[in-house]
Amino acid sequence: MPKKTISDLPDVTGKRVLIRVDFNVPLDKKTGAITNDRRIRAALPTVQALLDKGAAVIAMSHLGRPKGDPALDANLHMDKVAARFGELLGRPVKKVAGDVIGPDARAAALALKAGEVMLLENLRFDAREQKNDPDFAHAIAALGDVYVNDAFGTCHNDKDASMVAVPATMAGKPRVLGFLVAKELEVIDGLMGSPKRPVMAVMGGAKVSDKVKFIQALLGKVDHLLIGGKMTYTFLKAKGVAVGNMQIADEEVAAAKNLLPHVGTKITLPVDSLCAKSDDLNATQVFEGEIPAGFEGVDIGPKTLAVYSDKIKQAGTVIWNGPVGWFEKPAFSTGTKGIAAAMAASPAVTVVGGGETAEAVEQFGYDARMTHVSTGGGAFLAYVEGKKFASLAQIDET
Ligand code: 3PG
Ligand code: MG
């Protein structure tokens, strides 16, 4: 059943709208500064539309994975996120100090006027958030007349109170999706439902074991799965091919072994790799097949990039998750940049999912030329796998 979105909302003039966003943005490890604000920008159309309709907006999100005492997780306070949110929105965003749902937060929320915005403190500073706690949910739910879920990146978290127990508590009040979640679901549903063929998937990243279910779900849908990144060497090792100095856990090799029957038919492995000397990353060499001791793979090789680019050019749909090399290092970024360029130039429907992949595409300046860049990491993988989300079950149907 289709879900209601903010376009289906009755008049919200003067109402307090509680919106769950995913402002879990990457932070600089040393300074704590926001390194990428894509997730904040992605929620702006929904927030703006609510303000245009005359609502007061109470936004809430988690940030990182705080371990308990907020004093020890100083970088995970929401103040800088609120400041950036305000800058991007072009109006101030209130942020009060103190508990997530303490007296100050409650008073500020209840005093909000039409057109005003506030952001609650990091939801995970309260341990009850991740326990789907009913008391915590009641306290938050009491702040709003309307609930909006625009937090696609967190939709797969079935135990987060702000995603599940809060809207459950608000049954009877309008509970709708924001534009971002609606678009994410529409694009991925289209991708997995009746995609334009042939469908190519490009998969990179390190761990096969984390992605076995995702890969299996994809194999049922795609015509070709092109492998890159560190998982290349896991597959090679599973086939008995030498991978030089690359260390790969046994469980990873076992996971890859289960997929070997598809290698050579649906799954394509790189034909060559850019490798670097383990003791001198500046010394690089391209190898086809076996990788000698002393070296490890750091990117797909030029022949592989040519083959993959050609397949991407001829595709009807391309779905990409996981960088194909160690792209943070410019010398090892050719493959990842090349895949992004090939997708941008292809007439295919192109969808990018996963935080790192989205960041790479953005860093290389190709994001605007993709059909869709998902804000989801784990949520993207889980939704493609076909998992049903408890958070979405709480949203009203049309
Ligand atoms: C994410 O980035 O995956 C979401 O914001 C959810 O965060 P989590 O992985 O810490 O639950
Ligand atoms: Mg996650």
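Counting from 1, the numbers follow the sequence of the chain as shown. Numbering of ligands and ligand atoms starts at 1, following listing order.
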Visitor: Describe, in one word, how the ring planes of Phe85 and Phe23 are oriented to each other, choosing from parallel (under 30°), tilted (30 to 60°) and perpendicular (over 60°).
Guide: perpendicular
Visitor: For atom 6 (C) of ligand 1, which of the options His62, Lys159, Arg65 provides the nearest non-hydrogen atom?
Guide: His62
Visitor: What pairs of residues pass the salt bridge (Lys or Arg N to Asp or Glu O under 4.0 Å) test when at least one of them lies in residues 295-309, not counting sequence neighbours?
Guide: Glu288-Lys303
Visitor: Take Thr375 and Arg39 through the test side chain to side chain donor-acceptor pair (under 3.5 Å) and record every step on the way to the result.
Guide: CA-CA 6 Å; Thr375 52; Arg39 281 181 162 178; 5.3 Å; no
Visitor: Give the atoms of ligand 1, by number and element, whose distance to some non-hydrogen atom of Asn157 is under 4.0 Å.
Guide: 6 (C), 11 (O)
Visitor: Considering only non-hydrogen protein atoms, determine which one is nearest to atom 2 (O) of ligand 1 and report residue, atom name and distance to 0.1 Å.
Guide: Arg39 NH1, 3.0 Å
Visitor: Using the salt bridge (charged side-chain N to carboxylate O under 4.0 Å, His left out) criterion, which residues pair with Glu385? Sequence neighbours excluded.
Guide: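 Checked Glu385 against salt bridge (charged side-chain N to carboxylate O under 4.0 Å, His left out); matches are Lys387.
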Visitor: Using a strict 4.0 Å cut-off to heavy atoms of Asn24, name the atoms of ligand 1 that fall inside it.
Guide: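 Matching atoms, with element in brackets: 1 (C), 2 (O), 4 (C), 5 (O), 7 (O).
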Visitor: Which residue supplies the protein heavy atom nearest to atom 3 (O) of ligand 1, what is that atom called, and how far is it?
Guide: Gly153 O, 4.1 Å
Visitor: Need the ligand 1 atom indices (1-based, order shown) with element for anything under 4.0 Å from a heavy-atom of Asp22.
Guide: 4 (C), 5 (O)
Visitor: Is the NZ atom of Lys277 crowded by more than 12 outside heavy atoms at less than 6.0 Å?
Guide: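 Not buried by this count: 12 neighbours or fewer within 6.0 Å.
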Visitor: At a non-hydrogen distance cut-off of under 4.0 Å, which region of Arg124 contacts ligand 1 (side chain, backbone, both, or neither)?
Guide: side chain
Visitor: Would the number of heavy atoms belonging to other residues, nucleotides or ligands and lying under 6.0 Å from CG of Asp280 be above 12?
Guide: yes
